[in-house]
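Source: prediction; values computed, not measured. Lettering of chains follows the sequences in order, A, B, ..., and the numbering in each one begins at 1.
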Protein chains: 2
Amino acid sequence: MARKASTARSPANDAVRAPKRGDLVVEEIKRWIVTRQLKPGDRLPKEAELQDLFSVSKGTVREALKSLEVQGFISVSTGPSGGATVVEVPLERTFQLVQNYLFFKEVDVRDIYTVRKMLEPELAAGAVPHLTKRDFEAMEASIDTCAPTPASVDDALRMRQEDLHFHDILAEANPNPFLRFFCQMVNQTLRRLVVFGANPLQSHNTELGRTNVLAHRELLAAARKRDVEKVRRLMLAHIEEAETHVFRMHGTMSSRLVLDSEMRVNITPRLARKP
Amino acid sequence: MARKASTARSPANDAVRAPKRGDLVVEEIKRWIVTRQLKPGDRLPKEAELQDLFSVSKGTVREALKSLEVQGFISVSTGPSGGATVVEVPLERTFQLVQNYLFFKEVDVRDIYTVRKMLEPELAAGAVPHLTKRDFEAMEASIDTCAPTPASVDDALRMRQEDLHFHDILAEANPNPFLRFFCQMVNQTLRRLVVFGANPLQSHNTELGRTNVLAHRELLAAARKRDVEKVRRLMLAHIEEAETHVFRMHGTMSSRLVLDSEMRVNITPRLARKP
DNA sequence: TGACTATATTTATTATGATAAATAGGAAAA
DNA sequence: TTTTCCTATTTATCATAATAAATATAGTCA
């Protein structure tokens with residue numbers, strides 16, 4: 001007669017479940033990061049100390065750190081001066097988590113292009129004043145990569161990825177972090193949208209590649225002249241054109257989002273930008 | 001003399017670090033979910049069986065499951081018929097993870113409104129044909145909540161949240177899951193953007209609330225008439241107007257994103273939509 | 001002096017076993 | 001029939017110990 005009190009709160013359906021100890025530790029550490037203004041590079045106490053601080057066992061601390069690691073808040077390593085260090089949540093990690101969400105949704109190529117048409121012209125226009133010499137060179141290099149006719153299936157796929165990289169360069173140059181993130185998300189989702197049942201060397205695809213190169217060249221020229229209006233106009237036309245090609249392809253194949261774990265080629269977007 | 005082979009791959013700077021056992025298990029389980037077409041509701045083997053299957057210890061399995069739980073892929077519970085069950089990654093979880101990313105960025109209210117102006121008119125327009133009687137009633141209820149003059153600071157804050165709920169209703173009615181997600185993200189980010197150093201009862205805020213109610217009423221009327229063009233037009237005007245008010249407020253206060261752990265009021269967006 | 005190598009130290013990582021808490025389902029009582 | 005209680009099952013937490021990885025330091029050779 002000492003452990004009653006379990007009639008009222010039945011977590012059966014979807015009521016509040018008692019939070020686990022590990023999650024409480026996670027909350028506490030997050031609060032630390034906020035209140036103590038921890039910045040990327042700062043280190044958390046080592047596991048043993050965290051055990052004492054929160055009066056929990058090793059395994060519990062470990063699960064808490066694992067959670068924070070998955071969320072992208074910390075990075076842990078062994079050795080002296082090791083342990084958990086705060087890091088700025090990496091973009092790639094966030095991508096992955098969003099893709100997990102979209103994985104369960106029926107996302108169509110056209111759904112993505114609908115959003116793309118709304119955002120990308122503005123993004124490009126806003127990026128123009130901030131493009132550096134380095135950016136122009138990177139864009140030029142990207143175009144050159146896609147210029148030749150693809151010789152193999154791998155080649156063709158790589159070029160589609162490189163096409164997206166061109167847009168990533170523009171995205172990174174835009175000073176609006178919110179818009180930037182959304183456009184990078186669009187690009188990443190297109191990257192993750194694999195297409196089945198069709199030869200990437202088919203005419204529609206090579207045609208897409210050809211027109212992309214032309215459009216990118218025009219965009220680059222206009223961007224070099226800092227012609228914001230023209231860039232906006234060209235970008236909209238570019239995406240609309242690409243959409244029609246993709247849509248034509250779509251008649252003969254099906255597409256779906258894939259998880260990180262089943263990505264065949266590791267398509268790491270090159271996102272470094274040093275001004 | 002049996003453990004050499006550690007000269008070449010030095011994870012010092014940011015090279016590839018040997019993946020931990022737990023992460024490998026995560027990958028494997030994800031592959032399971034994909035290849036074996038596990039759907040939400042399906043259950044994973046219990047911890048003890050997973051130990052045997054992957055030849056790892058209890059703690060390792062536990063960390064792997066924790067990772068999957070944080071990612072929103074599974075939900076674990078105790079007792080008979082407990083264990084890990086696959087769930088559709090919840091929207092709220094994804095929100096949280098994206099907010100983690102944005103937390104480290106300098107996101108301005110205007111940055112968000114820039115994106116909002118691009119997306120929301122199209123979103124509303126696309127939602128109009130799919131709005132149900134139930135949706136209309138919900139929108140009306142939302143407007144009614146915001147109609148009276150706020151009596152307290154809490155009241156005022158609650159109304160700002162309810163304003164966003166109006167937009168959430170529209171978002172959920174749009175059939176494009178990608179656009180839907182982006183707009184919900186915009187709304188959620190606005191929710192998380194707390195504002196310091198100003199009284200929410202100040203004139204700019206009450207003025208914002210007043211014009212919001214008027215705009216929402218007009219929007220609802222146009223939506224009831226299924227006037228897509230008008231809804232698009234009204235929505236753009238509505239957001240532009242709201243932006244100017246928010247911008248005026250912004251002169252006297254600073255804003256920043258907050259983490260889940262430091263949310264004072266638990267502002268759970270009501271996102272259920274049963275057709 | 002300079003660069004390289006071995007060694008020791010620090011820290012995370014994995015493993016094992018034991019106990020506590022929560023839950024579903026059935027058994028017993030009203 | 002309804003309620004209450006018991007019990008088997010499964011995760012949650014704790015404790016301890018051994019292993020592996022990363023780094024700093026001292027030491028060695030040129």
For residues 98-105 of chain A, dump all side-chain donor-acceptor pairs below 3.5 Å to protein atoms at least two apart in sequence or in another chain.
{"from": "A:Gln99", "atom 1": "NE2", "to": "A:Thr189", "atom 2": "OG1", "distance (Å)": "3.3"}
{"from": "A:Asn100", "atom 1": "ND2", "to": "B:Gln71", "atom 2": "OE1", "distance (Å)": "3.1"}
{"from": "A:Lys105", "atom 1": "NZ", "to": "B:Glu88", "atom 2": "OE2", "distance (Å)": "3.0"}

Take atom [atom1] of [X] and atom [atom2] of [N], then tell me their distance rounded to the nearest Å.
X	N	atom1	atom2	result
A:Leu44	C:dT11	CG	C1'	14 Å
A:Ile74	C:dT11	CD1	P	16 Å
A:Glu49	C:dT10	CD	C1'	12 Å
A:Glu63	C:dT13	CD	C1'	14 Å
B:Leu68	D:dT11	CG	P	14 Å
B:Asp23	C:dA12	CG	P	16 Å
B:Lys20	C:dA15	NZ	C1'	16 Å
B:Lys58	C:dG17	NZ	C1'	7 Å

At under 4.0 Å between heavy atoms, what does [X] touch on the DNA or RNA strands: base, sugar-phosphate, or nothing?
X	answer
A:Arg62	base
B:Gly83	sugar-phosphate
B:Glu47	sugar-phosphate

Original post:
With respect to the side chain of A:Pro80, which nucleotide from C:dA15, C:dT9, D:dT10 is positioned closest?
Top reply: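 Ranking C:dA15, C:dT9, D:dT10 by closest atom to the A:Pro80 side chain puts C:dT9 first.
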Original post:
Mapping A:Ser55 and B:Ser81 onto DNA chain D by nearest heavy atom, which one lands closer to the 5' end?
Top reply: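 So the residue in question is B:Ser81.
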Original post:
Which residue, A:Gln51 or B:Gly79, contacts DNA chain D at a nucleotide closer to its 5' end, judged by nearest heavy atom?
Top reply: B:Gly79
Original post:
Between the main-chain N or O of A:Gly82 and the side-chain N or O of A:Arg43, is there a donor-acceptor pair closer than 3.5 Å?
Top reply: yes
**OP:** Please determine, by modelled atom types, if A:Gln188 and A:Arg191 share a side-chain donor-acceptor pair under 3.5 angstrom.
**Re:** yes
Original post:
Going by atom types alone, do A:Glu162 and A:Ser142 pair a side-chain donor with an acceptor below 3.5 Å?
Top reply: yes
Do any side-chain nitrogens or oxygens of [X] fall under 4.0 Å of OP1 or OP2 in [N]?
X	N	value
A:Arg21	D:dC14	yes
A:Thr60	D:dC14	yes
A:Thr78	C:dA12	no

Original post:
Is B:Lys39 paired with B:Asp42 through a side-chain N to carboxylate O contact shorter than 4.0 Å?
Top reply: no
